[in-house]
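To keep things clear, I will list the structure first and then write my remarks on it.
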Amino acid sequence: MDTVIERIGASVGKEATLSGWVYNKRSSGKVRFVILRDGTGVIQCVFLKNQVPEAAFDLADSVTQESSVEITGIVREEKRAPGGYELTATNLKLIHLAEPYPITPKEHGIEFLMEHRHLWLRSARQHAVLRIRSEIVKAMRDYLDDNDFVLADTPILTPAAGEGTTTLFPVDYYGEQVYLAQTGQLYNEAIAASVRKTYCFGPTFRAEKSKTRRHLMEFWMLEPEVAFLDLAGDMTLAEELVAYTVQRVLAKRRAELATLERDTARLETVKVPFPRISYHEAIKLLQDKGKEIKPGDDFGGDEETLLGEAFDRPVMIHHYPAAIKAFYMKRDAGDPTLALAFDMIASEGYGEIVGGSQREDDLKEMQKRIEENKLPPQAFEWYLDVRRFGSFPHSGFGLGVERTVAWICGLKHIRETIPFPRMLEKVYP
RNA sequence: UCCAGCGUAGCUCAACCGGUAGAGCAUCCGGCUGUUAACCGGAGGGUCACAGGUUCGAGUCCUGUCGCUGGAGCCA
């Protein structure tokens, strides 16, 4: 196996050759330090004038930031080193001399960093976020895979608007106008009738003119859908999935959370059960906190923050007014003005990370909703078939991956949670 | 779309009431045997976003345009 900095401890006292990029360098006359970054970690390499070839010693001074190099040396434990190890170099080989690197070890503004996002990803913070994001996705998929879910991906190009056309990106499809997917949910419902428990995981697209720290035009969503599951069971699935994911990141990505200076005490408490309050209880809670809000209103960013802050773990709000929720959600049998829907609001002001519901499974009722919402009925015939041929109660939800990453990492802005964010009118790089 | 703030060196920022354009980092040259965003000395580097106006004189004041940032709205 190749020697990498992450596992350098196994090579103490031995010679190792590391390949990577020059993260920084320092010089003190007859001793020179090259800080090497190899993608798994960072280690300082010490060059002593009388112990390395002259060419290598010269190169240790002239090599530029982010040049790619190969460094050979003896691995040593070192108390003063942040990672605990150091390399006493015996040689340095240049692979490519980098041009002057734009992102220096000093501060930079967000505009400049976003313009250089492809290079910014190499920095310690972004590296940590990439690794945590990967762990989060793996944890979620592991949880679902281990609980009998079948991954079945849904299309990106879709023939008709899911709900209204204003938020969709139109695409020319051999002369026909189609749209980038907003959700895989409707397809998931059909798949659930085949495999009982399914999920899709992929990008979704919104053409909204949203310009906030919580919105992206292109974001990834994890959407489970389960046959014969009601709203309460749906909430249980959501809280178990989220709690498992948070605990997994705490167990496996401590170092990265530390790099991000995340207060992990706020994550330790994220265990089941999560608090569940009804929409009307939430309204009352907000009114008690002095918010001017009345039953029937939807929650804005401020309200979500207040609700999230009221608990030490994510809170689930259920039984929203049907009027402010999607057409396919089942109504409450006792009060048809309410939808069997829930949102999960993350703690610490990160807002909604999960939105789910029990789906309408009655054919007549669904036909009525499609008509009321002025949706093109022919585009939904296949969807109605799910209600025509052995209709079944079923529920599911969508989990926004980037908002979840922002919350777990403690990032202020969602743009750092995905390698190349698609922001309002910004698609470079 | 609306509101607010900001556009000065490659980067991050200063420049007081309108009076000669400045620092740190980066780059180049030199010094230092343990540095941790190393440090010390030196050098080069400017269409003060763009256009117009006021003034003896504008980076600074006024108008417009463009761009960026934050927020609102919008938002399964």
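The analysis underlying the following values was restricted to heavy atoms, covering all of them including side chains, and did not include hydrogens, waters or symmetry mates. Owing to the predicted nature of the structure, the values given are computational and were not obtained by experimental measurement. Residue numbers start from 1 in every chain, and the chains themselves are labelled A, B, ... in the order their sequence lines are given, proteins ahead of strands.
- If you check B:rG70, B:rG10, B:rG34 against the side chain of A:Glu78, the one that comes closest is B:rG34.
- Comparing B:rG52 with B:rC11, their C1' atoms are spaced 31 Å from each other, to the whole Å.
- Listed candidates were B:rA37, B:rA72, B:rG70. Nearest to the side chain of A:Pro105 is B:rA37.
- Searching all strands for a Watson-Crick or G-U wobble partner of B:rA51 with both distances below 3.5 Å returns B:rU63.
- When the options A:Arg403, A:Lys291, A:Arg214 are evaluated for a salt bridge (charged side-chain N to carboxylate O under 4.0 Å, His left out) with A:Glu304, the one that passes is A:Arg214.
- Closest approach to the A:Ser28 side chain among B:rG73, B:rU33, B:rC75 is made by B:rU33 (side chain taken as heavy atoms from C-beta onward).
- Close to B:rC39, at under 4.0 Å from its OP1 or OP2, lies no side-chain N or O of A:Arg26.
- At a threshold of 4.0 angstrom between heavy atoms, the contacts of A:His116 with the nucleic acid are absent.
- Using P as the reference atom, B:rU12 and B:rC68 are 15 Å apart when rounded to the nearest Å.
- The existence of a salt bridge linking A:Glu256 and A:Arg262 is excluded, since no basic side-chain nitrogen approaches an acidic carboxylate oxygen closer than 4.0 Å.
- Comparing B:rG45 with B:rG24, their C1' atoms sit 15 Å apart, to the nearest whole Å.
- Within 6.0 Å of atom CD in A:Gln287, more than 12 heavy atoms from other residues, nucleotides or ligands are found, so the atom counts as buried in its surroundings.
- With both ends at atom C1', the span from B:rC25 to B:rG44 equals 15 Å, rounded to whole Å.
- Interface remark: the A:Ser27 side chain does form a donor-acceptor pair with the B:rC32 base, using a distance-only criterion of under 3.5 Å.
- The side chain of A:His108 lies closest to B:rC11 when the candidates are B:rC11, B:rA37, B:rU35.
- Regarding A:Tyr428, its OH atom lies at a distance of 17 Å from the C1' atom of B:rG67, rounded to whole Å.
- Put simply, CD on A:Glu66 is 12 Å from P on B:rU27, counting in whole angstrom units.
- For the pair A:Phe397 and A:Leu241, the minimum side-chain heavy-atom distance is below 4.5 Å.
- Because its glycosidic torsion is within 90° of 0, B:rC17 is reported here as syn.
- Between B:rU8 and B:rG59, the two P atoms lie 15 Å apart (nearest whole Å).
- Within the shown strands, B:rC56 is the pairing partner of B:rG19 under the Watson-Crick or G-U definition, both distances less than 3.5 Å.
- A donor and an acceptor atom sit less than 3.5 Å apart, one in the side chain of A:His215 and one in the base of B:rC75.
- With hydrogens and angles ignored, a donor-acceptor pair closer than 3.5 Å exists between the side chain of A:Ser210 and the base of B:rC74.
- For A:Tyr101 and A:Tyr23, the ring centers are positioned 6.0 Å apart or more.
- Following rounding to the nearest Å, A:Arg415 (CZ) and B:rU69 (P) show an atom-to-atom distance of 7 Å.
- The phosphate of B:rA37 (OP1 or OP2) has no side-chain N or O of A:Arg125 nearer than 4.0 angstrom.
- For A:Glu208, whose side chain is taken as the heavy atoms from C-beta onward, the closest listed nucleotide among B:rG34, B:rC75, B:rC32 is B:rC75.
- The separation of B:rA15 from B:rG71, taken at their C1' atoms, amounts to 30 Å, rounded to a whole angstrom.
- The nearest heavy atom of RNA chain B to A:His413 and to A:Glu223 marks one nucleotide each, and the one closer to the 5' end goes with A:His413.
- Annotation: B:rC66 and B:rU20 have their P atoms spaced 33 Å apart (nearest Å).
- Of the candidates A:Lys25, A:Arg26, A:Arg80, A:Glu78, A:Arg26 is the only one forming a side chain to side chain donor-acceptor pair (under 3.5 Å) with A:Gln44.
- Rounding to whole angstrom units, CD1 of residue A:Ile103 and P of B:rU27 are separated by 14 Å.
- In this structure, the CD1 atom of A:Ile110 is 14 Å from the C1' atom of B:rC11, given to the nearest Å.
- Interface remark: the A:Glu86 side chain does form a donor-acceptor pair with the B:rG34 base, using a distance-only criterion of under 3.5 Å.
- Of the nucleotides present, B:rG31 is the one that pairs with B:rC39 by Watson-Crick or G-U wobble criteria, both distances under 3.5 Å.
- Atom CZ in A:Arg32 sits roughly 11 Å away from atom P in B:rU33 (whole-Å rounding).
- Distance noted for atom P between B:rA4 and B:rC56: 33 Å (whole Å).
- Going from atom CH2 of A:Trp120 over to atom P of B:rC11 covers 16 Å, rounded to whole Å.
- Between A:His118 and A:Tyr428, the angle of the ring planes goes over 60°, which puts this pair in the perpendicular group of the 30/60° scheme.
- For A:Lys211 against B:rG70, a side-chain N or O and a base N or O form a donor-acceptor pair under 3.5 Å.
- The OH atom of A:Tyr101 sits 18 Å away from the P atom of B:rA37 (whole-angstrom rounding).
- The cationic group of A:Arg32 lies under 6.0 Å from the six-membered ring centre of A:Phe57 and within 45° of the ring axis, placing it in a cation-pi geometry.
- Across all strands shown, B:rA72 is found opposite B:rU1 as a Watson-Crick or G-U wobble partner, with both distances under 3.5 Å.
- Base pairing of B:rG45: no nucleotide in any strand meets the Watson-Crick or G-U wobble criterion (both distances under 3.5 Å).
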